[in-house]
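Along the sequence shown, residues carry numbers from 1.
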Amino acid sequence: EGRTLQTSSHVVSMPLTRDNDGNYIVPRKGDTIELDRYGETIYLTVDNAKPSQLQGISVYCSRKKW
């Protein structure tokens, strides 16, 4: 009915990359991820991130801006 506050959780999977010094870039809690989807920009706040041994990372996020 639209009377209850709605929240959403997302898992974003992406390649694990390194910075110029060779250190892995792992998002930290509170960081913002900007996702472009078919002309719509979605802003997500990082809750947790878990790198894998397969050169990827799963980032657990919640919606920042509606």
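With sequence neighbours excluded, the residues forming a side-chain contact (heavy atoms from CB on, under 4.5 Å) with R37 are E40, I42, listed by chain and number. Partners of N48 under the side-chain contact (heavy atoms from CB on, under 4.5 Å) rule, at least two apart in sequence or in another chain, are Y60.
Judged by distance alone, the side chain of D19 and the main-chain N or O of D21 form a donor-acceptor pair under 3.5 Å.
Between R18 and I25, the closest side-chain pair of non-hydrogen atoms is not below 4.5 Å. At a threshold of 4.5 Å between non-hydrogen side-chain atoms, the residues V46 and I33 count as touching. Annotation: side chain of V26 is in contact with side chain of L16 (closest heavy-atom distance under 4.5 Å). Counting heavy atoms from C-beta outward, I57 and P15 have side chains that stay 4.5 Å or more apart. Side-chain atoms of T32 and L44, non-hydrogen and from C-beta on, never get closer than 4.5 Å to each other.
Rounding to the nearest 0.5 angstrom, the gap separating the SG atom in C61 from the NE2 atom in H10 is 8.0 Å.
When all heavy atoms are compared, the tightest approach of P27 to A49 is O-CB, 3.7 Å.
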